[in-house]
Amino acid sequence: MDSNAVTKSYARWAPIYDRTFGAATAGARGDTVRRVNALDAQAVLEVGVGTGLALPYYDGRARVTGIDFSSDMLSKARARVARERLDHVVSLREMDARSLDFADGSFDAVVAMHMISVVPEPDRVMGEMVRVLRPGGHLVITNHFARESGALARLERAVAPFADLLGWHSDFPIETVTGAARLSLVERRAAPPFGMMTFLRLRKV
């Protein structure tokens, strides 16, 4: 997907995101952040923070920074932080994940939920997330990845040409994440709903 398609897609999704895709992925989001909390990271970056649905799940020990490409999504995230008094959220910034405005090694953990398959140049985004992660820090990704076989795999391939309209790639390969340089896979498990998502925890080496 190109940047223009992403902007249009999320401007279209922002008003209904929480009640649609956000509701469907609530279980995976809560489970992911609970696992991030267990890492006891001091500085956390959430890439693709969207409307801020995950922000209330952080337990407050970490200082959380969120970024998103969509100003429409971020306006809802800022309203959520103010409404729910989420003091552990230190900053929400509009930013292109392909060029993160943070120094090398700035974060103990980087979290990306349901976003790596929607960004332009995902390999470049992976490189940036690894760059801002400190050595030994954790990259946590929850996402839908392409199946290799079966009826759902055929459906994913059939839907793939409509990525710009849907706002995500149904046939996104997991190797884009697991094959990224300077990362070692620590944990992989199925995530809700119904195991359709995959939770990945990787460590920067």
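Atoms considered below: every heavy atom in the structure, side chains included; atoms not considered: hydrogens, waters and symmetry mates.
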Considering only heavy atoms from C-beta outward, does the side chain of [X] approach that of [Y] to under 4.5 Å?
X: Glu46; Y: Val89; value: no
X: His138; Y: Val111; value: no
X: Val140; Y: Thr32; value: yes
X: Asp108; Y: Leu39; value: no
X: Leu55; Y: Val81; value: yes
X: Ser117; Y: Phe145; value: no
X: Arg98; Y: Val119; value: no
X: Ser91; Y: Arg63; value: no

Using side chain to side chain donor-acceptor pair (under 3.5 Å) as the criterion, list what pairs up with Asp104, not counting sequence neighbours.
Arg131
Test side chain to side chain donor-acceptor pair (under 3.5 Å) applied to Glu187 - qualifying residues, sequence neighbours left out:
Arg189, Arg201
To the nearest 0.5 Å, how far apart are [atom1] in [X] and [atom2] in [Y]?
X: Met73; Y: Leu53; atom1: CE; atom2: CG; result: 9.0 Å
X: Ile116; Y: Thr142; atom1: CD1; atom2: OG1; result: 12.0 Å
X: Leu139; Y: Ile141; atom1: CG; atom2: CD1; result: 4.0 Å
X: Phe172; Y: His144; atom1: CZ; atom2: NE2; result: 11.0 Å
X: Thr65; Y: Leu45; atom1: OG1; atom2: CG; result: 6.5 Å
X: Arg80; Y: Leu92; atom1: CZ; atom2: CG; result: 11.0 Å

For the pair Asp72 and Lys76, find out whether any cationic side-chain nitrogen is under 4.0 Å from an anionic carboxylate oxygen.
no
Verify the cluster assignment for Val186 and Ile174: are they in a single hydrophobic cluster under the rule of side-chain heavy atoms below 4.5 Å apart?
no
Can you hop from Leu185 to Val125 via hydrophobic side chains spaced under 4.5 Å?
yes
Kindly check if the number of other-residue, nucleotide or ligand heavy atoms within 6.0 Å of [atom1] ([X]) is above 12?
X: Arg182; atom1: CZ; answer: no
X: Arg188; atom1: CZ; answer: no
X: Arg85; atom1: CZ; answer: no

Write down the atom of [X], the atom of [Y], and the distance for their closest heavy-atom approach.
X: Ala180; Y: Met126; value: CB-CE, 3.7 Å
X: Ala28; Y: Ala191; value: CB-CB, 4.4 Å
X: Thr176; Y: Pro122; value: CG2-CB, 4.1 Å
X: Met129; Y: Ala112; value: SD-CB, 4.0 Å
X: Ala43; Y: Ser106; value: CB-O, 4.0 Å
X: Gly52; Y: Ala77; value: N-CB, 3.7 Å

Which residue pairs pass the ring pair (Phe, Tyr, Trp, His ring centres under 6.0 Å) test with at least one member in residues 84-104, sequence neighbours excluded?
Phe102-Phe107
Going by salt bridge (Lys or Arg N to Asp or Glu O under 4.0 Å), name the residues that satisfy it together with [X], two or more places apart in sequence or in a different chain.
X: Arg203; result: none
X: Arg34; result: none
X: Asp123; result: none

Is there a donor-acceptor pair under 3.5 Å between the side chain of [X] and the backbone N or O of [Y]?
X: Lys204; Y: Gly137; value: no
X: Arg93; Y: Ile67; value: no
X: Glu128; Y: Leu100; value: yes

Arg29 to Tyr57, cation-pi by 6.0 Å centre distance and 45° axis angle:
no
Please determine whether side chain to side chain contact (heavy atoms under 4.5 Å, CB included) holds for the pair Val132 and Val110, giving the CA-CA distance in whole Å, both sets of side-chain angles, and the decisive distance to 0.1 Å.
CA-CA 8 Å; Val132 302; Val110 176; 4.2 Å; yes
As a test of understanding, state which of Val49, Thr51, Asp96 forms a side chain to side chain contact (heavy atoms under 4.5 Å, CB included) with Asp68.
Val49
